[in-house]
Amino acid sequence: MATRLPRRPAAAVSAMAAGVMLSGMAPGDMSVAAFLARADAVMRLGPLAMATPDAHRLKGEVIAAGKRYKARIDAQRKAGQKTTSCPPETGTLTPEEWLEHLRSYPSARRKLISVYVAFDGLMRKRYPCPA
C-alpha cells in the first residue's frame, strides 16, 4: 500500500525544521532583537502584561542566562582561572536596567547577540575585576 505524500513537502519539512530549531534552543539563546521585540509587545499590554505567557518566557530567558553565567563563573573560580567579571554572590537587576542594556547594542547587531552574551556583557560592565 503506497502512502500519499503531501503536495507541498517543502512546506511540511520547513515547518518541522522550525519546530525542531525552536524547541532545540537553550534558554538564554534568544537574540537581543527577538527579546526586545517581544518585550515591547508585552509592555504595550499595560499593567497586566506581566501575567502573560510571553512575559514569563522573557523572564525565564533572563533567569536562565543568569544561571548559565553564574555556573560558568563558579567553574572558572573553582578551577583557579581568571573570570570575565567579578560579581558579588547576590545582586539585583531591574527590568529597566536590563532593557536599557539591551538597547545599548546597535540595532544591526542585536539579531547576532544572544541574551546570554548580553548578560555576560552587562556583568563585565557592572562588575569588572580589579586589575
Side-chain angles (χ1 to χ4, degrees):
M1 176 181 219
T3 39
R4 190 175 166 118
L5 295 174
R7 289 181 187 242
R8 297 180 54 191
V13 170
S14 294
M16 287 189 304
V20 168
M21 288 186 337
L22 289 175
S23 64
M25 286 178 56
D29 285 346
M30 179 186 289
S31 74
V32 168
F35 188 96
L36 287 172
R38 287 180 178 216
D40 290 343
V42 166
M43 289 174 21
R44 282 192 291 270
L45 298 175
L48 299 177
M50 293 312 292
T52 65
D54 237 9
H56 288 287
R57 175 150 190 251
L58 293 174
K59 183 178 177 182
E61 285 286 318
V62 179
I63 290 170
K67 286 180 179 179
R68 280 175 62 187
Y69 165 82
K70 182 165 178 10
R72 190 191 83 226
I73 293 292
D74 289 347
Q76 288 173 328
R77 286 178 177 159
K78 186 176 180 180
Q81 298 172 341
K82 186 176 181 198
T83 59
T84 57
S85 56
C86 295
E89 279 302 311
T90 62
T92 59
L93 176 63
T94 68
E96 293 78 19
E97 291 169 326
W98 174 243
L99 292 173
E100 180 182 335
H101 173 69
L102 295 182
R103 288 190 174 100
S104 73
Y105 289 100
S107 295
R109 296 208 16 110
R110 291 176 185 171
K111 64 183 173 213
L112 305 173
I113 300 168
S114 71
V115 168
Y116 173 70
V117 170
F119 191 92
D120 183 65
L122 178 60
M123 294 298 106
R124 288 175 193 237
K125 270 198 244 180
R126 287 179 84 175
Y127 305 110
C129 294

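In this chain, residues are counted from 1 in sequence order. These figures come from a predicted structure and were not determined experimentally.
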Atom of [X], atom of [Y] and distance for their closest heavy-atom approach:
{"X": "E61", "Y": "D29", "value": "OE1-N, 3.7 Å"}
{"X": "P130", "Y": "C86", "value": "CD-SG, 4.2 Å"}
{"X": "S104", "Y": "K125", "value": "OG-NZ, 3.8 Å"}
{"X": "G121", "Y": "Y105", "value": "CA-OH, 4.2 Å"}
{"X": "S114", "Y": "V32", "value": "O-CG2, 4.0 Å"}
{"X": "H101", "Y": "A118", "value": "NE2-O, 2.9 Å"}

Would D120 and R124 count as a salt bridge (charged side-chain N to carboxylate O under 4.0 Å, His left out) if you check the C-alpha gap in whole Å, the side-chain angles of each, and the deciding distance to 0.1 Å?
CA-CA 6 Å; D120 183 65; R124 288 175 193 237; 2.7 Å; yes

Determine, using the 4.5 Å side-chain heavy-atom cutoff (strictly less than), whether I63 and L36 are members of one ILVMFWY cluster.
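No, because I63 and L36 fall into different hydrophobic clusters, even though each may have its own neighbours under 4.5 Å.
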
Shared ILVMFWY cluster between Y127 and L93, side chains joined below 4.5 angstrom?
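Yes, same cluster.
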
From [X] [atom1] over to [Y] [atom2], what is the distance, rounded to the nearest 0.5 angstrom?
{"X": "K59", "Y": "H56", "atom1": "NZ", "atom2": "NE2", "result": "7.5 Å"}
{"X": "Q76", "Y": "T83", "atom1": "CD", "atom2": "OG1", "result": "6.0 Å"}
{"X": "L102", "Y": "F119", "atom1": "CG", "atom2": "CZ", "result": "11.0 Å"}
{"X": "M50", "Y": "L58", "atom1": "CE", "atom2": "CG", "result": "8.0 Å"}

Over 12 non-hydrogen atoms of neighbours within 6.0 angstrom of CZ in R77:
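Atom CZ in R77 is crowded, with more than 12 foreign heavy atoms closer than 6.0 Å.
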
Are more than 12 heavy atoms, taken from residues, nucleotides or ligands other than E97, located less than 6.0 Å from that residue's CD atom?
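Yes.
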
As a quick check of understanding, evaluate side chain to side chain contact (heavy atoms under 4.5 Å, CB included) for L45 and D54, giving each step before the final call.
CA-CA 11 Å; L45 298 175; D54 237 9; over 6 Å; no

Do R57 and R38 come close enough that some side-chain heavy atom pair is under 4.5 Å?
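In short, these two side chains touch, coming nearer than 4.5 Å.
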
In the structure I gave you, are the side-chain heavy atoms of L99 and M43 within less than 4.5 Å of one another anywhere?
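Yes, their side chains come closer than 4.5 Å.
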
Which is it for I73 and M123 under the side chain to side chain contact (heavy atoms under 4.5 Å, CB included) test, yes or no, and what are the steps along the way?
CA-CA 11 Å; I73 293 292; M123 294 298 106; over 6 Å; no

Should the ring pair F35 and W98 be called parallel, tilted or perpendicular, given that the plane angle runs from 0 to 90° and is split at 30 and 60?
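F35 vs W98 ring planes: perpendicular.
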
